[in-house]
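Let me begin by presenting the structure, written as structure tokens, before commenting on it.
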Amino acid sequence: MNKAEIIDKCIDFSIKINNLRKYLREEQHEYNNSDQIQRSGTSIGANYSEACDAESPSDFVHKMSIALKEANETIYWLKVLYGSELISKNQYDELMLDVEEMYRILTASIKTAKSKLK
């Protein structure tokens, strides 16, 4: 998967997260958790995009690591939302599939970049 495809995936995921936030606020009247997942979920792509223009290989690893942490946090919030019955099983499964794929991509990229630093 090339950089443009990954960025497209990140953008698509951010749009889904923004739509989830809207749903949580308008339908579930849930504000705190909706803000939390919106911040972490949209930050994945923003940090990936920054990493693509990193100043050095170590800067790339650093920014990718931040994106990975944001993906992990998003997984956490999805579990909270599903466990609290604020999102359906279908919503949970679809978003988890997306974020877990991004998590694997980020992990592989970090591993490759770190091996090149040595």
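Predicted, not measured: the structure shown is a model, and the values here were computed from it. The first residue of the sequence shown is numbered 1, and numbering continues consecutively from there.
- Annotation: side chain of Glu73 is not in contact with side chain of Arg39 (no heavy-atom distance under 4.5 Å).
- In this structure, CG on Asn2 lies 4.0 Å from CD on Glu5, to the nearest 0.5 angstrom.
- Cluster membership check: Leu117 shares its hydrophobic cluster with Leu68, using side-chain heavy-atom separations under 4.5 Å among Ile, Leu, Val, Met, Phe, Trp and Tyr.
- Ile66 and Ile110 fall into different hydrophobic clusters, defined by Ile, Leu, Val, Met, Phe, Trp and Tyr side-chain heavy atoms under 4.5 Å apart, directly or through other members.
- In this structure, Leu81 CG and Ser88 OG are separated by 11.0 Å, a value rounded to the nearest 0.5 Å.
- Checking side-chain atoms of Ser34 against main-chain N and O of Tyr31 turns up a donor-acceptor pair under 3.5 Å.
- The main-chain N or O of Ser109 is never found under 3.5 Å from a side-chain atom of Thr112 such that the two would form a donor-acceptor pair.
- In this structure, OG1 on Thr42 lies 12.0 Å from CD1 on Ile11, to the nearest 0.5 angstrom.
- For Lys116, the salt bridge (charged side-chain N to carboxylate O under 4.0 Å, His left out) test picks out no residue, with sequence neighbours left out.
- With contacts defined as side-chain heavy-atom distances shorter than 4.5 Å, the pair Arg25/Asp35 qualifies.
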Tyr48 and Ile105: CA distance, side-chain angles, deciding distance, side-chain contact (heavy atoms from CB on, under 4.5 Å) verdict = CA-CA 11 Å; Tyr48 177 80; Ile105 291 166; 5.5 Å; no
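- The nearest pair of heavy atoms linking Ser40 to Thr74 is OG-OG1, 2.9 Å.
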Dump the intermediate steps for side-chain contact (heavy atoms from CB on, under 4.5 Å) on Val99 and Phe13, then the final yes or no.
-> CA-CA 8 Å; Val99 73; Phe13 186 72; 3.8 Å; yes
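- The shortest distance between side-chain heavy atoms of Leu78 and Ile87 falls below 4.5 Å.
- Under the side-chain hydrogen bond (donor to acceptor under 3.5 Å, both in side chains) criterion, Glu30 pairs with no residue, sequence neighbours left out.
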Give the C-alpha distance, both sets of side-chain angles, the deciding distance and a yes or no for side-chain contact (heavy atoms from CB on, under 4.5 Å) between Lys63 and Asp59.
-> CA-CA 6 Å; Lys63 286 180 171 51; Asp59 186 40; 2.8 Å; yes
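- Distance alone, capped at 3.5 Å, places no donor-acceptor pair between the Ser49 side chain and the Gly45 backbone.
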Where do Leu106 and Ile44 land on the side-chain contact (heavy atoms from CB on, under 4.5 Å) test, with the steps shown first?
-> CA-CA 10 Å; Leu106 294 167; Ile44 299 166; 4.1 Å; yes
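- A distance of 10.5 Å separates CZ in Arg21 from CD in Glu26, rounded to the nearest 0.5 Å.
- Residues Ile6 and Lys3 form no side-chain contact, since every pair of their non-hydrogen atoms from C-beta on lies 4.5 Å or further apart.
- Within 6.0 Å of NZ on Lys16 lie more than 12 heavy atoms contributed by other residues, nucleotides or ligands.
- Closest heavy-atom contact between Leu86 and Tyr23: O-CE2, 3.5 Å.
- Under the 4.5 Å side-chain contact rule for hydrophobic residues, Ile15 and Ile17 share a cluster.
- Heavy-atom neighbours of Glu55 CD from other residues, nucleotides or ligands within 6.0 Å: at or below the threshold of 12.
- Taking CE of Met102 as the start and CD of Glu70 as the end, the distance is 11.5 Å to the nearest 0.5 Å.
- Taking CG from Leu95 and CG from Asn90, the interatomic distance works out to 10.5 Å, rounded to the nearest 0.5 Å.
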